[in-house]
Protein chains: 2
Amino acid sequence: MKHFNTTDQTDQPRKTGFVDDYLLYLLAAASDAASAQFHAHVRKAGLRVPEWRVLACLNDQDGAMITHLAQIALVEQSRLTRIIVQMEERGLVQRANDPSDGRRVRIYLSDAGRSLITSVIPEARAHEQALLAQLGEDGGTALKQALHRLLETLAQQKGGDN
Amino acid sequence: MKHFNTTDQTDQPRKTGFVDDYLLYLLAAASDAASAQFHAHVRKAGLRVPEWRVLACLNDQDGAMITHLAQIALVEQSRLTRIIVQMEERGLVQRANDPSDGRRVRIYLSDAGRSLITSVIPEARAHEQALLAQLGEDGGTALKQALHRLLETLAQQKGGDN
DNA sequence: CGATATTATATGAAAATTCATATTGTTTAC
DNA sequence: GTAAACAATATGAATTTTCATATAATATCG
């Protein structure tokens, strides 16, 4: 049982290249790897990843409209529409037309959905704490700060000059 | 032309919730938003995102095997197999059986692929520099450091104890 | 050596995703 | 008040993606 060099299947020269220090790659790789761990829990709870995201967002903003939910849950709108259909069929959410604007469809947690998300969020917090602990007191806060800062910066750019 | 509050379509109570400071969400949101900017360039170069990732990885590790490429390009193996087929049809890469192990298929940049990636990488670097500049001297390095650290930590966990 | 386990890649088929656009409701400007 | 612009959601159809598993090559173990 050799447990070293797990990723390097081959014997490449191994000079560090472009990708290994490219910001967008680091972000994607870190997000992927970190999320993969927790996504195991998500699946055990009977949810797919986008469903977990939708529920988590509804937990914070119940009654959000589809478009808004799509933005915060990082899902394209037409995809979200179909995901919501499935989730409604499964009884996790309910949709309701906004009386003040007939175009809007607001999504609400059902009791089942709320109870499910209520059970998963503590797992998420626990997983997050474990990860932050491994990064050390300052490592964790530094990471979060840096990410918040990046997000602010990117948000500014969007609203900025068009 | 109102250019504030772009994301908040509705008028929700807006008490900060779970998601807004959840590490995995920050990572996914940051990766998404940051990458979205550059992905516009990628598409203009006639590439889809996974193709760009594959080429960028090959740029660093030409001749990598499918499995390895799948890991570093953050794509599932069977998907990558099909992506590679398409890329070969388009003349961006070539596959070659590894003489030392008949199971392995090694992927090499074609001349066209190399010339394409050679033209895109500078754009990537430029975009990255612009973003880092906006984060400020220290902000950028702090972010990268934090991400590297996270990746190390996650990698350790994988190899660690099984 | 031969059986068995393991590794690398490919593939069928169901399901999900994308993209462009249709549909429906609302606001704006005359 | 109505036409034109805009906004929110839905949908058709092609393509992609996923998941489990098939296939093929190699390694291991008795």
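Chain A is the first sequence line, chain B the second, and so forth, proteins listed ahead of strands; every chain is numbered from 1.
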Check step by step if salt bridge (charged side-chain N to carboxylate O under 4.0 Å, His left out) holds for A/E76 and A/R79. CA-CA 5 Å; A/E76 190 266 339; A/R79 172 142 92 107; over 6 Å; no
Starting at atom CG of A/D98, determine the distance to atom C1' of C/dT24, rounded to an integer number of angstrom. 15 Å
Can you measure A/E88 atom CD to D/dA10 atom C1' for me and round it to whole angstrom units? 14 Å
Rounded to whole Å, how long is the line connecting atom CD of A/E51 with atom C1' of C/dA15? 13 Å
Got more than 12 heavy atoms from elsewhere within 6.0 Å of CG, A/D138? yes
Closest to the 5' end of DNA chain C, once B/T81 and A/I83 are matched to their nearest nucleotides, is B/T81
Classify the side chain of B/R103 versus the base of C/dT7 as yes if they form a donor-acceptor pair under 3.5 Å and no if they do not. yes
Please give, in whole Å, the distance from D/dT17 P to B/I84 CD1? 13 Å
On a heavy-atom basis, the closest approach of A/R114 and A/D62 is NH2-OD2, 3.6 Å
What pair of heavy atoms forms the shortest contact from B/G113 to B/S110, and how long is it? N-OG, 3.0 Å
Of all heavy-atom pairs linking B/H41 and B/Q37, the shortest is CD2-O, 3.9 Å
What nucleotide among D/dT9, D/dT16, C/dT9 has an atom nearest to a side-chain atom of A/T67? D/dT9
Could you tell me how far apart A/H68 (NE2) and D/dT9 (C1') are, to the nearest whole angstrom? 16 Å
Between A/K44 and A/E123, does any NZ, NE, NH1 or NH2 come within less than 4.0 Å of an OD or OE carboxylate oxygen? no
Rounding to an integer number of Å, can you tell me how far A/L80 CG sits from D/dT11 C1'? 15 Å
B/R106 has an atom CZ; how far is it from atom C1' of D/dA25, in whole Å? 15 Å
Taking all atoms of both residues into account, what is the closest heavy-atom pair of A/P50 and A/I83, and its distance? CB-CD1, 3.7 Å
Output yes when at least one side-chain N/O atom of B/Q86 is less than 4.0 Å from OP1 or OP2 of D/dT15, else no. no
Atom-pair distance (CZ on B/R104; P on C/dT6), nearest Å: 17 Å
N/O (side chain, B/R48) to phosphate O (OP1/OP2, C/dT18) under 4.0 Å: no
Between the protein and nucleotides 19-21 of chain D, list every N/O to N/O distance that falls short of 3.5 Å.
{"residue": "D/dC19", "atom": "N4", "partner": "B/S78", "partner atom": "OG", "Å": "3.1"}

